[in-house]
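Notes to accompany the following structure.
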Amino acid sequence: MDHLVYPLPPTARWWSRETTAIVTGANKGIGFEVVKKLLELGLTVVLTARNAKNGSLAADSLRRAGFQNVQFYCLDVSEPSSIAAFVSWFRHNFGVLDILVNNAAVSFNAVGDNSIREPETIIKTNFYGAKLLTEALLPLFRRSVSASRILNISSRLGSLNKLRNPSVRQTLESEELTNEQIDATVTQFLEDVSNGTWEKQGWPENWSDYAVSKMALNAYSRVLARRYNGKKLSVNCFCPGFTRTSMTGGQGTHTAEDVAATIATLVLLPPEKLTSGKFFMFLEQKKIISRL
């Protein structure tokens, strides 16, 4: 495992006010704090949220705090038409993109609750939403010397060691994994849930639908990193750990501000230290651990 220590050294600054980042699901929690941190570091940031009122209030609060380089756009990543409208707006207003933080996600379980309630919605938002938005934005990434960066906010719940189905695990571990195989895996999970056989089929036991959505996101990130290897586009995943947010009912071992500082470190790494195709995990000791 590699260790990257926070904070960024002052000499590592490669970005400017012209460097543009998009953060999804950013009206509160981790997403909001990431936007704020990137603004503090001098970038231009597009804050997106599916609720227009909440997103506007979040952006307004940042402007009142002195950050004028933030814009808001209402984006529901679970709706392809919303993604299309957003990408069209972004292309017209910005033209190029440097950083994408796919943070938007949903879960319908409380901590310790492992029931499956709306698996289609979770998969559609957490996996397909991030994937469809990323694919739509790919032509807009700036391919400069500094390299563009995609960071998908994921979870260790989506680690392959949570799978008890050897066949599915073998498929997702393959170096030749394809997007079609990932989609087929997700479809199989939803069918097993519909048939009531998901437990027997060896899917993750904890937060199963959320875990599978993040498992698919991790797999897609690996495939995308391989696809853009050597093409000045970095793709990584990051697990924020047990963070105090609305998704955890305010429970957790650390704050969204702590996580945002770590995310900023990852997406602003100097080009010579930039990795791709890796999964990073937050540690309270102000370090980041990465693994393939």
Side-chain angles (χ1 to χ4, degrees), residues 23-31 48-51 54 75-83 100-135 151-165 168-169 171-172 179 181-224 237-243 245-252 256 279:
V23 184
T24 67
N27 64 284
K28 61 180 179 179
I30 292 173
T48 80
R50 62 180 175 176
N51 184 292
N54 292 341
L75 169 63
D76 183 348
V77 298
S78 69
E79 294 296 334
S81 60
S82 182
I83 290 175
L100 171 62
V101 180
N102 280 312
N103 172 71
V106 295
S107 174
F108 299 101
N109 283 342
V111 174
D113 175 13
N114 292 321
S115 60
I116 295 181
R117 293 185 182 135
E118 298 185 43
E120 293 85 0
T121 300
I122 289 175
I123 296 292
K124 188 177 182 182
T125 303
N126 300 0
F127 168 50
Y128 284 115
K131 177 183 176 181
L132 291 175
L133 176 63
T134 299
E135 294 291 331
L151 187 65
N152 293 321
I153 307 305
S154 188
S155 172
R156 73 186 101 190
L157 290 174
S159 300
L160 292 180
N161 60 14
K162 306 295 184 183
L163 268 175
R164 296 167 292 121
N165 184 316
V168 174
R169 180 167 179 171
T171 296
L172 295 181
N179 283 324
Q181 288 174 311
I182 300 170
D183 291 346
T185 297
V186 169
T187 298
Q188 185 61 56
F189 169 72
L190 292 174
E191 289 179 358
D192 289 344
V193 169
S194 179
N195 296 333
T197 61
W198 65 272
E199 290 178 292
K200 293 180 182 178
Q201 294 301 323
W203 296 102
E205 295 177 310
N206 296 321
W207 278 29
S208 300
D209 41 12
Y210 182 84
V212 170
S213 73
K214 295 301 187 179
M215 193 174 292
L217 182 60
N218 294 343
Y220 167 68
S221 301
R222 284 175 44 226
V223 171
L224 189 62
C237 291
F238 173 70
C239 171
F242 194 28
T243 311
T245 65
S246 59
M247 187 176 287
T248 63
Q251 300 181 59
F279 181 95

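Worth saying up front: this structure is predicted, and the values here are computed from it rather than measured.
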### Message
If you compare all heavy atoms of Ile83 against all heavy atoms of Gly129, which two are closest, and at what distance to 0.1 Å?
### Response
CD1-O, 3.9 Å
### Query
Does the side chain of Asn126 come within less than 4.5 Å of Leu217's, by heavy atoms?
no
### Message
Would you compute the distance between atom CE of Met215 and atom CG of Leu163 and round it to the nearest 0.5 angstrom?
### Response
3.5 Å
### Message
Is there a side chain to side chain contact (heavy atoms under 4.5 Å, CB included) between Val106 and Arg50? Walk through the geometry before answering.
### Response
CA-CA 12 Å; Val106 295; Arg50 62 180 175 176; 3.9 Å; yes
### Summary
Closest non-hydrogen contact found for Ser107 with Trp207 is OG-CZ3, 3.4 Å
### Query
Once you round to the nearest 0.5 Å, how far does CZ of Phe279 lie from CZ of Arg222?
12.0 Å
### Task
Identify, with sequence neighbours excluded, every residue that meets salt bridge (Lys or Arg N to Asp or Glu O under 4.0 Å) alongside Glu199.
none
#### Entry: Set of residues satisfying side-chain contact (heavy atoms from CB on, under 4.5 Å) with respect to Ser155, sequence neighbours excluded
Leu157, Tyr210, Lys214
### Query
CD of Glu120 to OG1 of Thr125: how many Å apart, nearest 0.5 Å?
11.0 Å
### Task
Take Ile153 and Val101 through the side chain to side chain contact (heavy atoms under 4.5 Å, CB included) test and state the conclusion after the steps.
CA-CA 7 Å; Ile153 307 305; Val101 180; 4.0 Å; yes
#### Entry: Minimum heavy-atom distance between Trp198 and Pro204, given as atom pair plus value
CZ3-O, 3.7 Å
### Task
May I have the step-by-step check of side chain to side chain contact (heavy atoms under 4.5 Å, CB included) for Phe108 and Thr121, ending in yes or no?
CA-CA 10 Å; Phe108 299 101; Thr121 300; 4.0 Å; yes
#### Entry: Euclidean distance, Ile123 CD1 relative to Ser213 OG, rounded to 0.5 Å
5.0 Å
### Query
Are any non-hydrogen side-chain atoms of Val212 and Phe127 less than 4.5 angstrom apart?
no
### Query
Between Ser194 and Leu190, is there a donor-acceptor pair closer than 3.5 Å when you use the side chain of the first and the backbone of the second?
no
#### Entry: Any residue meeting side chain to side chain donor-acceptor pair (under 3.5 Å) with Ser78, in chain and number order, not counting sequence neighbours
Asp76
#### Entry: Donor-acceptor under 3.5 Å (Asn103 side chain, Gly25 main chain)
yes
### Summary
Heavy atoms of Asn27 and Ala49 approach each other most closely as OD1-CB, 3.6 Å
### Task
To the nearest 0.5 angstrom, please state how far the CG atom of Asn51 sits from the NZ atom of Lys28.
9.5 Å
### Query
Which is it for Tyr220 and Glu135 under the side chain to side chain contact (heavy atoms under 4.5 Å, CB included) test, yes or no, and what are the steps along the way?
CA-CA 11 Å; Tyr220 167 68; Glu135 294 291 331; 2.7 Å; yes
Extract all donor-acceptor atom pairs below 3.5 Å that involve side chains of residues 182-189 and protein atoms in other chains or at least two apart in sequence.
| residue | atom | partner | partner atom | Å |
| --- | --- | --- | --- | --- |
| Asp183 | OD1 | Tyr128 | OH | 3.3 |
| Asp183 | OD1 | Lys131 | NZ | 3.3 |
| Asp183 | OD2 | Lys131 | NZ | 3.4 |
| Thr185 | OG1 | Gln181 | O | 2.9 |
| Thr187 | OG1 | Asp183 | O | 2.9 |
| Gln188 | NE2 | Asp192 | OD1 | 2.9 |

#### Entry: Which residues share a side chain to side chain donor-acceptor pair (under 3.5 Å) with Asn102, sequence neighbours left out
Thr134, Asn152
### Message
Distance check, rounded to the nearest 0.5 Å: Glu118 atom CD versus Lys124 atom NZ?
### Response
11.5 Å
### Summary
Applying side chain to side chain donor-acceptor pair (under 3.5 Å) to Arg164 and not counting sequence neighbours gives none
